[in-house]
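Each chain gets a letter, A, B and so on, in the order its sequence line appears, and its residues count up from 1.
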Number of protein chains: 2
Amino acid sequence: MRWGQDRMDNDNDQLMTPAEVAEAFRVDTATVTRWARAGLLNPVFTLGGHRRYRASEISDRLR
Amino acid sequence: MRWGQDRMDNDNDQLMTPAEVAEAFRVDTATVTRWARAGLLNPVFTLGGHRRYRASEISDRLR
DNA sequence: TAGGACTGGGGTAATTGGGGTG
DNA sequence: CGTGTCCCAATTACCCCAGTCC
């Protein structure tokens with residue numbers, strides 16, 4: 001069990017949609033977008049410009 | 001793949017807003033905030049510093 | 001290619017945090 | 001000692017619409 005330890009700058013991590021992150025924090029999707037624009041989250045971008053968030057990063061902040 | 005790491009005090013739990021908790025106990029939202037600051041509740045924090053309370057914890061204290 | 005669902009923006013109301021005070 | 005209330009600043013929610021996803 002070592003998926004939460006050795007990586008925080010990689011790409012082989014489960015990705016979450018803005019709606020999923022918003023539901024996890026009990027917050028609006030627009031709020032998740034603000035967090036990303038403020039640099040509080042480091043999302044991966046789709047080629048169309050949509051954000052996808054790393055599940056590891058989310059579960060860390062969820063505590 | 002288990003993300004919650006079999007914890008019962010972490011995620012995988014519905015969250016409540018301060019207003020919802022206040023309504024459940026029939027108190028002001030300021031009182032709920034005092035309970036949290038006094039350590040009587042263990043809320044999850046949004047990245048903006050707002051508190052979200054675990055529904056399981058609230059329903060427990062409601063008995 | 002068409003279509004429904006979701007997202008990224010922006011603007012404006014509503015909620016929340018914190019301190020201080022009855 | 002616990003709670004309700006008033007204040008202000010910050011954060012968040014809800015509204016729109018154009019663009020993206022699948």
Side-chain angles (χ1 to χ4, degrees):
Chain A
M1 198 173 304
R2 44 191 288 277
W3 41 263
Q5 176 61 254
D6 53 346
R7 46 177 40 76
M8 34 98 38
D9 58 324
N10 228 328
D11 48 358
N12 54 353
D13 189 0
Q14 295 235 155
L15 297 182
M16 301 177 66
T17 65
E20 291 171 342
V21 177
E23 183 186 13
F25 280 95
R26 190 62 161 80
V27 158
D28 196 84
T29 55
T31 299
V32 178
T33 299
R34 287 192 213 97
W35 295 346
R37 265 193 281 180
L40 298 174
L41 292 175
N42 302 325
V44 176
F45 281 89
T46 68
L47 301 190
H50 286 193
R51 288 178 250 262
R52 297 286 119 95
Y53 302 88
R54 307 176 193 279
S56 59
E57 188 175 10
I58 299 305
S59 56
D60 283 347
R61 311 264 189 167
L62 207 42
R63 161 165 36 104
Chain B
M1 194 176 290
R2 309 219 351 79
W3 298 95
Q5 291 244 59
D6 46 82
R7 299 280 296 279
M8 59 70 111
D9 59 311
N10 243 357
D11 45 43
N12 286 23
D13 194 355
Q14 291 280 90
L15 298 181
M16 302 176 65
T17 64
E20 291 170 344
V21 177
E23 184 186 14
F25 283 97
R26 290 291 227 117
V27 294
D28 195 87
T29 56
T31 299
V32 179
T33 298
R34 291 195 193 97
W35 293 345
R37 272 197 278 186
L40 300 176
L41 292 174
N42 302 325
V44 174
F45 283 88
T46 69
L47 302 194
H50 285 198
R51 299 180 181 87
R52 296 284 117 100
Y53 303 90
R54 307 176 195 280
S56 59
E57 187 175 11
I58 300 304
S59 56
D60 284 347
R61 312 268 185 167
L62 218 37
R63 286 188 284 101

I'd like to know if A:Arg37 reaches the base of C:dG8 with its side chain such that a donor and an acceptor end up less than 3.5 angstrom apart.
no

Which part of the nucleic acid does A:Ala19 contact within heavy-atom distance under 4.0 Å: base, sugar-phosphate only, or nothing?
-> sugar-phosphate

Of A:Arg52 and B:Arg26, the one whose closest nucleotide on DNA chain D sits nearer the 5' end is B:Arg26

Output for pair (B:Thr46 OG1, B:Arg51 CZ), nearest 0.5 Å, gives 10.0 Å

Atom OH of B:Tyr53 and atom C1' of C:dT15 are separated, to the nearest Å, by 13 Å

Separation of C:dT7 atom C1' from A:Leu15 atom CG, nearest Å, is 15 Å

- Heavy-atom count around A:Glu57 CD within 6.0 Å, excluding the residue itself: above 12? yes

To the nearest angstrom, the NE2-P distance between B:His50 and C:dA14 comes to 16 Å

The reported gap from CG in B:Asp13 to CZ in B:Arg52 (rounded to nearest 0.5 angstrom) is 14.0 Å

| query | Quick one: is D:dT20 close enough that its OP1 or OP2 comes under 4.0 Å of any side-chain N or O from A:Thr46? | reply | no

Assert: residue with more 5' nearest nucleotide on DNA chain C, out of B:Phe45 and B:Arg34, is B:Phe45

Atom CD of B:Glu23 and atom P of D:dG4 are separated, to the nearest Å, by 14 Å

Interatomic distance, CZ@B:Arg61 vs OG@B:Ser59, rounded to 0.5 Å, equals 11.0 Å

Testing C:dG9, D:dG4, D:dT12 for proximity to the side chain of B:Asp28, the answer is D:dG4

- Message: I want to check something: taking the side chain as every heavy atom from C-beta on, are A:His50 and A:Phe45 in contact at a cut-off of under 4.5 Å?
- Response: no

Donor-acceptor contacts, no H, no angles, side chain residues 31-42 of chain B, under 3.5 Å, sequence neighbours left out:
unit_1	atom_1	unit_2	atom_2	d
B:Thr33	OG1	B:Thr29	O	3.2

With a cut-off of less than 4.0 Å, is there a side-chain N or O of A:Thr17 near OP1 or OP2 of C:dC6?
no

Can you tell me if A:Thr33 touches the phosphate of C:dT7, counting only side-chain N or O atoms and a distance under 4.0 Å to OP1 or OP2?
no

* To do: Taking only the side-chain nitrogens and oxygens of A:Trp35, find out if one of them lies under 4.0 Å from OP1 or OP2 of D:dT12.
  => yes

Between CG of A:Leu40 and P of D:dA10 the distance, given in whole Å, is 15 Å

When B:Thr29 and B:Gly49 are each assigned the nearest nucleotide of DNA chain D, the 5'-most assignment goes to B:Thr29

Under 4.0 Å, counting only non-hydrogen atoms across every strand here, what does B:Arg51 touch: a base, just sugar-phosphate, or nothing? sugar-phosphate

If each end axis of the helix from C:dG3-D:dC22 to C:dG19-D:dC6 is fitted on five C1' pair positions, the angle between them, to 10 degrees, is 60°

Rounded to the nearest 0.5 angstrom, the CZ-CD distance for A:Arg26 and B:Glu20 is 4.0 Å

